[in-house]
Amino acid sequence: MFKTLSALLFITCLSCFSAVAQKLPSAEKVIARYVEVIGGSKKWAAIKTSEFRLELSGDSTVKIHIVKKIPDAYYQSLTAANASETSTYNKGKLVNTINSEISRITDPKAIDDLALQAYALPDMAYKNLGYTMVNLGIKYVDDMPCYEIKLVSKLGTEILNYYEVKSGYLRMVDTRDMKSYFEDYKMVQGYGLPHDMKMLVQGTMIVFKVKSWVINKPIDESLFITPDASK
């Protein structure tokens with residue numbers, strides 16, 4: 001009798017689990033919903049150039065400057081009181097400059113990541129770049145239920161994106177080395193943007209605030225010239 005009851009309970013639980021799993025939207029649908037919530041695919045696809053400026057919360061001397069020429073080029077600089085670091089990506093070539101020391105990066109996964117970031121909205125580029133996408137289920141991020149979407153590039157780079165079940169917003173990106181949190185979404189020129197960005201790196205939380213975002217305006221093309229690492 002006990003064994004029969006246990007078996008029935010197991011089958012019932014398994015059936016319930018299957019029913020819940022079947023109700024999960026596909027990864028593609030979760031990501032598509034996010035794109036629509038923050039402005040829609042047509043608006044984001046119309047972006048050809050993008051320029052962000054961010055500052056460290058509580059310390060305006062630490063700044064990040066990001067410029068994109070979609071979809072082939074990406075520039076990022078981080079400056080502080082006595083240091084600077086830049087990454088320059090242009091059509092598959094990647095160079096990092098720390099203070100005045102230049103180094104060409106040949107790690108395919110690092111190049112893979114910048115190829116993704118060069119898009120106006122990476123969430124619209126996963127399919128084009130051949131990422132596989134799977135909805136792993138619902139996980140909580142700061143007590144907020146989110147769909148956990150696993151993304152794997154052709155080279156095997158894994159990313160976990162967490163999209164809020166209720167709002168559809170992207171709440172967190174986990175790249176194993178760093179967790180990035182996105183909060184305080186506001187509409188800017190018809191686009192939904194998070195204005196608080198938190199990065200958890202090696203146990204330290206860093207908070208940046210968006211100071212400005214300019215799209216489809218003239219940009220400094222010289223930023224995308226990859227420095228000569230041989231000098």
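Side chains are part of it too, since the values below use all heavy atoms of this structure and drop only hydrogens, waters and symmetry mates.
- By the criterion of side-chain heavy atoms lying less than 4.5 angstrom apart, applied directly or through intervening Ile, Leu, Val, Met, Phe, Trp or Tyr residues, V67 is not grouped with L193; the two fall into different hydrophobic clusters.
- For an aromatic pair to be called close, the ring centres must be under 6.0 Å apart, and Y185 with Y169 satisfies this.
- Ring pair W213/Y191 is perpendicular by interplanar angle, where above 60° counts as perpendicular and below 30° as parallel.
- In summary, K186 and D184 engage in a salt bridge, as defined by a charged side-chain N under 4.0 Å from a carboxylate O.
- The two residues S167 and V37 make their nearest non-hydrogen contact at O-CG2, 3.6 Å.
- Between the side chains of N96 and S87, at least one donor-acceptor pair of N or O atoms lies under 3.5 Å.
- Put simply, SG on C146 and NZ on K139 are 11.0 Å apart, with the number rounded to the nearest 0.5 Å.
- Judged purely by atom type and a 3.5 angstrom limit, R176 has no side-chain atom pairing as donor or acceptor with the backbone of T157.
- Under the 4.5 Å side-chain heavy-atom criterion for Ile, Leu, Val, Met, Phe, Trp and Tyr, F224 and Y119 are members of distinct hydrophobic clusters.
- Contact check for N161 versus D123: side-chain heavy atoms found under the 4.5 Å cut-off.
- Scanning both residues, A83 and N99, for their nearest heavy atoms gives CA-OD1, 3.4 Å.
- Here OG of S50 is found 9.0 Å from CD1 of I219. Values are rounded to the nearest 0.5 Å.
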Stepwise side-chain contact (heavy atoms from CB on, under 4.5 Å) check, D113 with I111
CA-CA 5 Å; D113 177 60; I111 295 172; over 6 Å; no
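- Criterion: ILVMFWY side-chain heavy atoms under 4.5 Å apart, direct or through other members. Under it, M199 and V141 are not part of a common hydrophobic cluster.
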Practice item. Dump the intermediate steps for side-chain contact (heavy atoms from CB on, under 4.5 Å) on Q76 and T86, then the final yes or no. Key: CA-CA 5 Å; Q76 176 178 301; T86 65; over 6 Å; no
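- Scanning all heavy atoms of the two residues, the minimum distance from T49 to I47 falls at O-CG2, 3.4 Å.
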Using the rule given for ring-ring contact (aromatic ring centres under 6.0 Å, His included), can you reason through Y74 versus Y89, listing the C-alpha separation, both sets of side-chain angles and the distance that settles it, and then say yes or no? CA-CA 5 Å; Y74 176 94; Y89 169 85; 7.8 Å; no
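- Using a cutoff of 4.0 Å between basic side-chain nitrogens and carboxylate oxygens, E51 and K217 are not scored as salt-bridged.
- Between Q117 and P122, the shortest heavy-atom contact is OE1-CG, 3.9 Å.
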TODO: Could you give me the CA-CA distance, side-chain angles and deciding distance for L129 and L116, then say whether side-chain contact (heavy atoms from CB on, under 4.5 Å) is met?
DONE: CA-CA 8 Å; L129 295 176; L116 176 65; 3.9 Å; yes
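- When hydrophobic clusters are built by joining Ile, Leu, Val, Met, Phe, Trp and Tyr residues whose side-chain heavy atoms come closer than 4.5 Å, directly or via intermediates, M144 is not grouped with V173.
- Rounded to the nearest 0.5 angstrom, H65 NE2 and L78 CG are separated by 12.5 Å.
- By the 4.5 Å heavy-atom criterion applied to side chains, Y181 and D196 are not counted as neighbours.
- N135 is listed as a side-chain neighbour of V30, based on a closest heavy-atom distance under 4.5 Å.
- The distance from the CD atom of E28 to the CZ atom of R33 is 15.5 Å, given to the nearest 0.5 Å.
- Minimum heavy-atom separation, D174 to K179: OD2-CE, 3.4 Å.
- Contact of the R171 side chain with the E183 side chain is registered, since non-hydrogen atoms from C-beta on lie closer than 4.5 Å.
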Derivation and outcome, ring-ring contact (aromatic ring centres under 6.0 Å, His included), residues Y147 and Y163:
CA-CA 5 Å; Y147 292 119; Y163 299 87; 8.6 Å; no
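- In terms of heavy-atom proximity, Y75 sits nearest to S77 at OH-CB, 3.3 Å.
- By the 4.5 Å heavy-atom criterion applied to side chains, L160 and L136 are counted as neighbours.
- In this structure, CD in E85 is found 4.5 Å from CD1 in I98, a value given to the nearest 0.5 Å.
- Here the side chain of S26 pairs a donor or acceptor atom with the backbone of K29 at under 3.5 angstrom.
- With hydrogens and angles left out, the side-chain atoms of T175 and D177 include no donor and acceptor closer than 3.5 Å.
- Contact check for T226 versus R104: side-chain heavy atoms found under the 4.5 Å cut-off.
- Residue N82 places its CG atom among 12 or fewer non-hydrogen atoms of other residues, nucleotides or ligands, all under 6.0 Å distant.
- Both L121 and Y126 sit in one connected hydrophobic cluster of ILVMFWY residues. Membership requires side-chain heavy atoms under 4.5 Å apart, directly or through other members.
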### Message
Working note: D112 + Y131, criterion side-chain contact (heavy atoms from CB on, under 4.5 Å); need CA distance, chi angles, decisive distance, verdict.
### Response
CA-CA 11 Å; D112 206 29; Y131 279 70; 4.1 Å; yes
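- The structure places CD1 of I225 at 9.5 Å from OG1 of T88, a figure rounded to the nearest 0.5 Å.
- The shortest distance between side-chain heavy atoms of S41 and M124 falls below 4.5 Å.
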**OP:** Determine, step by step, whether E221 and K69 satisfy the salt bridge (charged side-chain N to carboxylate O under 4.0 Å, His left out) criterion, reporting the C-alpha distance in whole Å, the side-chain angles of both residues, the deciding distance to 0.1 Å, and the verdict.
**Re:** CA-CA 9 Å; E221 297 277 351; K69 184 180 179 181; 3.1 Å; yes
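- Heavy-atom contacts from other residues, nucleotides or ligands closer than 6.0 Å to NZ of K43 number more than 12.
- K63 is not listed as a side-chain neighbour of L56, based on a closest heavy-atom distance of 4.5 Å or more.
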